[in-house]
Amino acid sequence: MALTFSDLVKVAKQVEEKRSRIEKVRVLTSFFQGLTPEEAALAARFLAGFVFPEGDERELGVGYATIINAIRQLRNSRIAPLMREPPTLQEVYSTLDRISKASGEGARERKLILLRGLFSRMSEEEVEYLLRMLFGEVRIGANVGVILESLAKVGGYTGEEIRRGYMLLGDLGELARRVVAREDIRSVSLEIFRPVKPMLADMAYSPLEVLREHSGYTSAEFKYDGVRVQVHVKNGRVEIFSRRMHRITEFLPDVVDKVREHVKAESAVVDGEAVGVVAGRPVAFQELARRFRRKNELRSFLRSVPFQVYFFDILYLNGRMLIDEPYVTRRNLLEDALEGELLARQKFVSSVEELEAFYEEAVREGHEGVVCKQPGSNYEPGVRGKKWLKLKKVDTVDCVIVAAEWGHGRRAGWLSDYYLAVRDENTGGFVVVGKTFKGLTDAEFEEMTRKLLELKTREEGWVVHVKPQIVVEVDYSEIQRSPRYSSGLALRFARIRRIRPDKSPDDITTLQELWRRYHEQRKARIISDA
Ligand code: AMP
């Protein structure tokens with residue numbers, strides 16, 4: 001019998017009720033064992049709150065208000081539903097797919113009809129779970145980590161093997177499908193034109209820390225402040241993917257041209273940063289992020305600003321995956337495959353003085369700082385760790401907005417005071433660490449208000465709670481202990497530095513990282529007071 005949505009909700013509830021991680025994994029493991037590969041794919045995505053594969057550009061295109069409207073209409077109507085049978089998971093997915101595809105005139109009405117049809121066949125509890133899956137305010141208690149662990153058990157893999165398979169496939173659903181179909185995850189490789197999650201850097205606080213961490217020898221590279229790009233090339237075809245694995249080829253025609261001209265390989269996947277350059281200096285990311293929101297504006301902007309691209313890694317070359325090769329080997333291959341102009345500036349250093357000098361040079365030329373890479377390290381897709389350490393002047397944190405308050409006076413009519421949250425690695429949830437109304441322009445307040453209202457999940461007096469989706473980079477003066485927030489920490493003088501549409505809530509600063517910074521900061525103060 002086909003898996004119904006109701007079956008999925010039962011399992012989600014069971015997982016949620018279990019307190020221990022081991023128990024959660026046990027419930028999910030036996031659940032996945034009873035599914036067909038196709039059902040496993042859908043179930044894994046739904047449980048993680050994705051619906052569509054990550055990197056897929058489909059969006060539901062309905063706000064919370066529309067959904068609530070559909071539920072109200074349904075409650076008020078006396079019409080008996082056409083079908084009483086509970087929908088299968090596949091039906092729920094197909095309906096959501098149709099909703100995402102409805103466009104043009106009357107789209108809203110069609111979306112409403114589809115939603116009503118779906119809800120009419122579900123219990124209240126199921127509707128509630130669907131909303132939570134779609135709007136993710138509260139995760140189902142089966143975060144990606146728990147799902148991965150269960151899939152490892154189902155297929156008999158180590159955690160490392162399953163995580164690597166996930167990063168290379170870039171889609172939890174496809175991973176689950178293969179595991180349940182008994183396909184070997186260990187043989188998953190990088191494929192041209194299928195993006196993988198980029199490797200990320202941890203924060204370092206001093207050149208000395210970097211050198212200690214990298215055993216006295218590191219490769220320092222300029223940290224360019226632009227847009228992360230993963231470029232796939234094969235026989236003249238070029239595709240560009242963003243950090244969130246969206247296809248962004250059309251937006252960066254300059255980069256496509258440069259790659260065609262300068263990449264000397266039959267096939268390759270290279271990792272780098274695209275930067276707008278005006279009068280020899282990089283254009284602030286803020287400028288780019290603003291433009292990226294309006295596609296038409298973006299096209300004309302891109303025509304007016306020349307783009308440079310700097311590549312710092314190579315993951316694949318002429319049919320060979322390189323992610324397990326050490327950094328030094330990859331760098332050599334990158335230098336062979338590219339012409340100099342496209343290479344990120346790089347220098348091997350072994351002393352604090354050398355690293356400081358290189359850092360100063362980067363900043364003088366208008367860049368953000370440097371990223372230091374351990375010469376012997378492999379490329380770990382999707383992982384933020386100490387193999388890559390960034391050093392930059394301004395210390396910022398990436399937060400997600402979880403709620404907002406209506407403004408007063410000059411800001412009346414706008415949601416202008418934002419609750420900033422970081423991610424708690426232990427629970428997968430978000431915890432508030434500060435509040436701010438500083439840093440945005442009037443136009444941005446307006447745009448932000450519109451977006452937040454689309455993400456609204458509930459309202460409490462002045463406060464509008466939203467689905468955690470919008471990521472902002474935040475400046476602060478100090479991290480303090482705080483009894484007010486459950487996180488235990490608060491950002492003092494928080495100010496939004498820029499909106500980061502390129503980052504997802506999974507990429508933001510973690511609570512654990514913030515505690516680490518809090519202790520570093522205290523250490524620094526003790527030293528400077530001494
Ligand atoms: P952050 O956004 O502050 O977490 O810094 C990490 C980002 O810096 C990466 O995701 C890249 O987009 C960017 N970046 C710029 N230059 C480099 C580089 N040489 N190596 C790695 N990442 C870089």
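The analysis underlying the following values was restricted to heavy atoms, covering all of them including side chains, and did not include hydrogens, waters or symmetry mates. One-based numbering, in listed order, for ligands and for the atoms of each.
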Considering only the protein, which heavy-atom contact is closest to [atom], and what is its distance?
{"atom": "atom 17 (C) of ligand 1", "answer": "Phe312 CE2, 3.4 Å"}
{"atom": "atom 10 (O) of ligand 1", "answer": "Arg228 NH1, 2.9 Å"}
{"atom": "atom 15 (C) of ligand 1", "answer": "Tyr224 O, 3.0 Å"}

Does [X] have a heavy atom less than 4.0 Å from any atom of ligand 1?
{"X": "His367", "result": "no"}
{"X": "Gln346", "result": "no"}
{"X": "Met199", "result": "no"}
{"X": "Met203", "result": "no"}
{"X": "Arg500", "result": "yes"}

What atoms in ligand 1 come closer than 4.0 Å to a heavy atom of [X]?
{"X": "Lys503", "answer": "1 (P), 2 (O), 4 (O)"}
{"X": "Lys390", "answer": "1 (P), 3 (O), 4 (O), 5 (O)"}
{"X": "Lys392", "answer": "3 (O)"}

Going by the angle between their ring planes, with limits at 30° and 60°, are Trp414 and Phe445 parallel, tilted or perpendicular?
->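 Answer is parallel, since the angle falls under 30°.
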Give a yes-or-no answer on whether the side chains of Tyr316 and Glu191 include a donor-acceptor pair shorter than 3.5 Å.
->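 Absent: no donor and acceptor within the cut-off.
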Below 4.5 Å, heavy atoms only, C-beta onward: do Leu511 and Val431 meet side chain to side chain?
->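 They are in contact (side-chain heavy atoms under 4.5 Å apart), so the answer is yes.
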Atom CZ of Arg212: over 12 foreign heavy atoms under 6.0 Å |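 Result for CZ/Arg212: open.
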Is the [X]-[Y] ring centre distance short of 6.0 angstrom?
{"X": "Tyr310", "Y": "Tyr224", "answer": "yes"}
{"X": "Phe241", "Y": "His246", "answer": "no"}
{"X": "Phe358", "Y": "Phe222", "answer": "yes"}

For residues 168-175, dump all side-chain donor-acceptor pairs below 3.5 Å to protein atoms at least two apart in sequence or in another chain.
residue, atom, partner, partner atom, Å
Asp171, OD1, Arg45, NE, 3.1
Asp171, OD1, Gly173, N, 2.9
Asp171, OD2, Arg45, NH2, 3.1
Asp171, OD2, Glu174, N, 3.3
Glu174, OE1, Arg177, NE, 3.2
Glu174, OE2, Arg177, NH2, 3.0
Glu174, OE2, Arg178, NE, 2.8
Glu174, OE2, Arg178, NH2, 3.3

Hey, are Arg384 and Asp202 close enough for a salt bridge, meaning a charged N less than 4.0 Å from a carboxylate O?
->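 Between Asp202 and Arg384 there is no salt bridge, as every charged N stays at least 4.0 Å from the carboxylate O atoms.
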For ligand 1, which part of Glu273 has a heavy atom less than 4.0 Å away: the side chain, the backbone, both, or neither?
->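 Looking at Glu273 and ligand 1, just side chain atoms fall under 4.0 Å.
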Indicate yes or no: does an N/O atom of Val371 lie under 3.5 Å from an N/O atom of ligand 1?
->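 The answer is no, given that Val371 and ligand 1 share no N or O pair closer than 3.5 Å.
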Is Trp388 close to ligand 1, meaning an N/O of one under 3.5 Å from an N/O of the other?
->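 Between Trp388 and ligand 1, no N or O pair is found under 3.5 Å apart.
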Out of Lys223, Lys373, Glu368, indicate the one that has the non-hydrogen atom closest to atom 21 (C) of ligand 1.
->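 Considering heavy atoms of Lys223, Lys373, Glu368, the nearest to atom 21 (C) of ligand 1 sits in Lys373.
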Got a sec, which residues hit ring pair (Phe, Tyr, Trp, His ring centres under 6.0 Å) with Phe348, two or more places apart in sequence or on another chain?
->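 Counting only residues at least two positions away or on another chain, Phe348 forms a ring pair (Phe, Tyr, Trp, His ring centres under 6.0 Å) with Tyr217.
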